Asks: 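First, the structure itself, so that you have it in front of you.
Treat the numbers as computed from the prediction; the structure is a model and nothing was measured.
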Amino acid sequence: MPKYCEVALPVPLDRTFTYAVRQEQEPTRGARVIAPFRNEKLIGVVTALNVAAPTDFEAKYLETVLDEEPLLSEQLLKLADWIAQYYLAPLGEVLRGMLPLTAEVKRTVYYRITDTGRDILAGLLDNNEAGPSTSLRFAQDDRAKGLWKSSKKGLAPEDQSLAHRVLERLAAGEAVKVSTLRTATAATLPVLAMLVRKKWIARETAAAERDARRMERFAVLVQEARLPTLTAMQQSILAELAASGGELPLAELRKRELPSSTLQTLVKRGLVRIEERAAAFRLGGIMPAASPFELNTAQSRALVPIVEALGGFQPFLLHGVTGSGKTAVYLAAMQQALDRGLASILLVPEIGLTPQTVGLLDQAFGQRVALLHSALTPDERSEQWRRIRRGDAQIVVGTRSAVFAPVPNLGLILVDEEHDQSYKQEETPRYNARDVAVVRAKLAGAVVVLGSATPSLESWQNSVLGKYKRIELRDRVMNRPLPEVELIDMRHEFQETGKEQLFSRALVEQTKIALERGEQALILLNRRGYSFAVLCRACGQKLECENCAIALTHHKPQAEGDDVEVARAGQRLECHYCGYRRTVPARCPKCDSEHLYYLGAGSQQGEERLAEIFPFARIGRMDRDSVRGRYDLERLLARLHSGEINLLVGTQMIAKGHDIHGITLVGVVGCDHALSMPDFRAAERVFQLMTQVSGRAGRGGLPGRVVVQTYYPDHYAILAATTHDYATFAERELKYRRWMHYPPFGVLANVLVQSQKLEEAAGWSSILGKYLVDNQNSGAVRVLGPCTAPIARIKGVYRFHMILKGTSRKGLNTLLRGMLVHADEAGVPRRNLIVDVDALRLM
């Protein structure tokens, strides 16, 4: 009689699945397995062994056991359970996020004809002359003909022809690999997906282990070989190898434009041999000029309580002004942990911070550092994960998913810029890495340090209540002054100049002075693209994305001499949500007017304007459009550090922790538009962004200056940011939050219902909204909605949402769990329902 186990699979279902175990298989809790699920083979994690045999169905057997021993420790399995419970996420999807090992399993997609597909094919006449635009002719079989007529609705003639070719290719009944099928029939993936939806064909997957080790080939000089007569090119290759210690990677030889055919000749003649070795992983990064362990008195005092707490659980909030040297405290704490045989994890909010951080860690700890973030290739992530688990790397640095790094003997977790929204994952599981870090530290008996110049109000309130110990760094290193901030009221600027200007006169003048003195300047313009909307001045219509309820952004700079406000036909527009692109039409699609105009300015236009004002400046731009590749940001920051760029314009990417000593001036343009957004966190975000970007100025030997352009000069967030006064801002904002029962004085969740059909999304949201309203009193929860989400449609999916506010986290969790059960009973698919606990974005 077989044994049975429970497996968590990465599917949007709040349950695990029971599988039978073959006699030769010996799975362990926390090990990966390949399990059959419908027509697919999925990678799951064993969560329980020796469970009872199911009585209401026959359990399938596990396909393969991938691991002889658990990949996830009991501690990480407990953490996964907590995340699944707290964030109401399927356990299988949580565990998938913990194991970045997709490179170790090869997945193959196959297609097979169904019985319905055979019926369709049986009624088709052979028509070899039918082209892509020719309607297919059918046999007189009434049943097949009627079936085709009822099923072909919505199919374009060319798709009908492709469908015929696909069915003919699959007619033998064998499963055909997707690449083979597409090559034979020219069918696109959307056409195959459409045929699956019509149930003419079925999609199947297979999974098998693969070796994910990265290998590198080397050309090695054979030292004892006798040299025959050689050509000039052969002599060049041998000379290159001899000058490089007798060996070189083949990739390096190709870079030096040495022909591979000549190398092969040398291999055949026994003068060179080819060796394959494990590829080395290079951390890279930007190396610092000074030692990271030179602490001043304030930093040393901040370090003491952290070191004293090592060996047990203790959360700290390290609140230090910008430029106070928090990173040096992090590194010193890591060294102290290493001296005690403890490992450390350092989280940074975005990949953009890793080059500088990795440079510091590489200098301090060398090969004991591992890197985990999404820009690594799957093979590289697998390699780094394995290094960490073996204990080869006791220091881990990475973005939010690095909080799951399988470090043995974890003693310290550090969360840099803990306030940053990037720590909140915007897909299932929707965890906040900052909060998960605290829970993991508690499970591991480790110290956790949350650091920021502008802490989240939730963390600040926890320090007020004594849940976190607060450590203060009130001054910059070397007693450098915080930058002076000048407010420019853009309402008065318009009155005095008589026209709308992107850059105020004061900002232009201060930038000119800084550049003339040989200093560097940084301009924050927190919008991507050239202009953020195209508007018809006749009817007021904005050009919107065809898939999303959002205005299209103009991304192509104007040719010299063009009017930057007039939208000309043929210029490119892009949606930042789905990637849809189109050109500007010649006339308004709604009223046929030719008066189309660009509205607003983005970082591209800012770059162009600055080039016009300062023609001799060395200008760079940092945004999601200019920094796309893996090393783009590292190269850009290196140019900035070296002084090759002396004027940088960009979005909020430029505000995040970069330490460039040559920057003495920061300009803030359009930062305050967020104050008009329907978001209770708007003031907090504006204060944080202004304070963080202001902190980039004056970090070297020269004092800094900040020029802030605003239409809200009297707003308390703007005023507090100009004086770098976090405590005053927090006091005012917390008073407002307490009145309105918003976090941290209440709990919050956002429930999003979505569907490609408007009536479906509206109906489901009504069903769930009624349930929540009828049951809200039992959990002391208030329900706002349902209503259309602020962005009503994204990627062709209609969106309705409900915001839940409560005083009890347990009551909120109970109500949400009841809603999920009710949704299942009412036929609302789990994949169409998003529950975002502690939501940061309500759009």
Asks: Going by atom types alone, do Q85 and D81 pair a side-chain donor with an acceptor below 3.5 Å?
Replies: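 Short answer, no.
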
Asks: Can you see which heavy atom on V321 is nearest to which on D475, and at what distance?
Replies: CG2-C, 3.8 Å

Asks: A309 and V447: which non-hydrogen atoms are nearest, and at how many Å?
Replies: O-CG2, 3.4 Å

Asks: Step by step, work out the salt bridge (Lys or Arg N to Asp or Glu O under 4.0 Å) result for R387 and E380.
Replies: CA-CA 11 Å; R387 283 185 64 221; E380 288 172 338; over 6 Å; no

Asks: Please answer whether the main-chain N or O of P249 pairs with a side-chain N or O of E216 as donor and acceptor at a distance below 3.5 Å.
Replies: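 Not at all, since once roles are kept as given, no pair shorter than 3.5 Å links the two residues.
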
Asks: Say whether S422 and D420, considering side chains only, have a donor N or O and an acceptor N or O under 3.5 Å apart.
Replies: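 Distance-only check passes for S422 and D420.
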
Asks: Give the minimum heavy-atom separation between V693 and A655, together with the two atoms involved.
Replies: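 Scanning both residues completely, I find the closest heavy atoms to be CB-CB, 3.7 Å.
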
Asks: Run the salt-bridge test on K424 and E418 with the 4.0 Å N-O cut-off and return the result as yes or no.
Replies: no

Asks: More than 12 heavy atoms of other residues, nucleotides or ligands under 6.0 Å from CG of N479: is that the case?
Replies: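 Atom CG in N479 is not packed in, count stays at 12 or less.
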
Asks: Is R217 atom CZ crowded by more than 12 heavy atoms from other residues, nucleotides or ligands, each under 6.0 Å away?
Replies: no

Asks: Shortest non-hydrogen contact from A441 to I413?
Replies: N-CD1, 4.0 Å

Asks: For a quick check under 3.5 Å, do S452 and H419 share a side-chain donor-acceptor pair by atom type?
Replies: yes

Asks: Look at E426 together with R430 and state whether they make a salt bridge at an N to O cut-off of under 4.0 Å.
Replies: yes

Asks: We want to know whether N462 and S459 form a side-chain donor-acceptor pair, criterion being a heavy-atom distance below 3.5 angstrom.
Replies: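 There is no such pair (donor and acceptor under 3.5 Å, judged by atom type) between the side chains of N462 and S459.
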
Asks: Could you label the plane-to-plane angle of the Y726 and F687 rings as parallel, tilted or perpendicular, counting under 30° as parallel and over 60° as perpendicular?
Replies: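 Because their plane-to-plane angle lies in the 30° to 60° range, the rings of Y726 and F687 count as tilted.
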
Asks: Indicate yes or no: does R470 engage E472 in a salt bridge with an N to O separation below 4.0 Å.
Replies: yes

Asks: Can you tell whether the side chains of D838 and R434 come within less than 4.0 Å, N to carboxylate O?
Replies: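 Looking at D838 and R434, the cut-off is not met.
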
Asks: Would you call R15 and E93 a salt bridge, using N to O less than 4.0 angstrom?
Replies: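 E93 and R15: not salt-bridged.
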
Asks: Under the ring-ring contact (aromatic ring centres under 6.0 Å, His included) rule, what do Y468 and W460 come out as? Steps first, then yes or no, please.
Replies: CA-CA 9 Å; Y468 300 167; W460 182 262; over 10 Å; no

Asks: Testing D435, V835, V94, N813 one by one against Y87 for a side-chain contact (heavy atoms from CB on, under 4.5 Å), which residue passes?
Replies: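 With Y87 as partner, side-chain contact (heavy atoms from CB on, under 4.5 Å) holds for just one option, D435.
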
Asks: Can you find a side-chain donor-acceptor pair between T322 and Q692 that sits under 3.5 Å?
Replies: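 No.
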
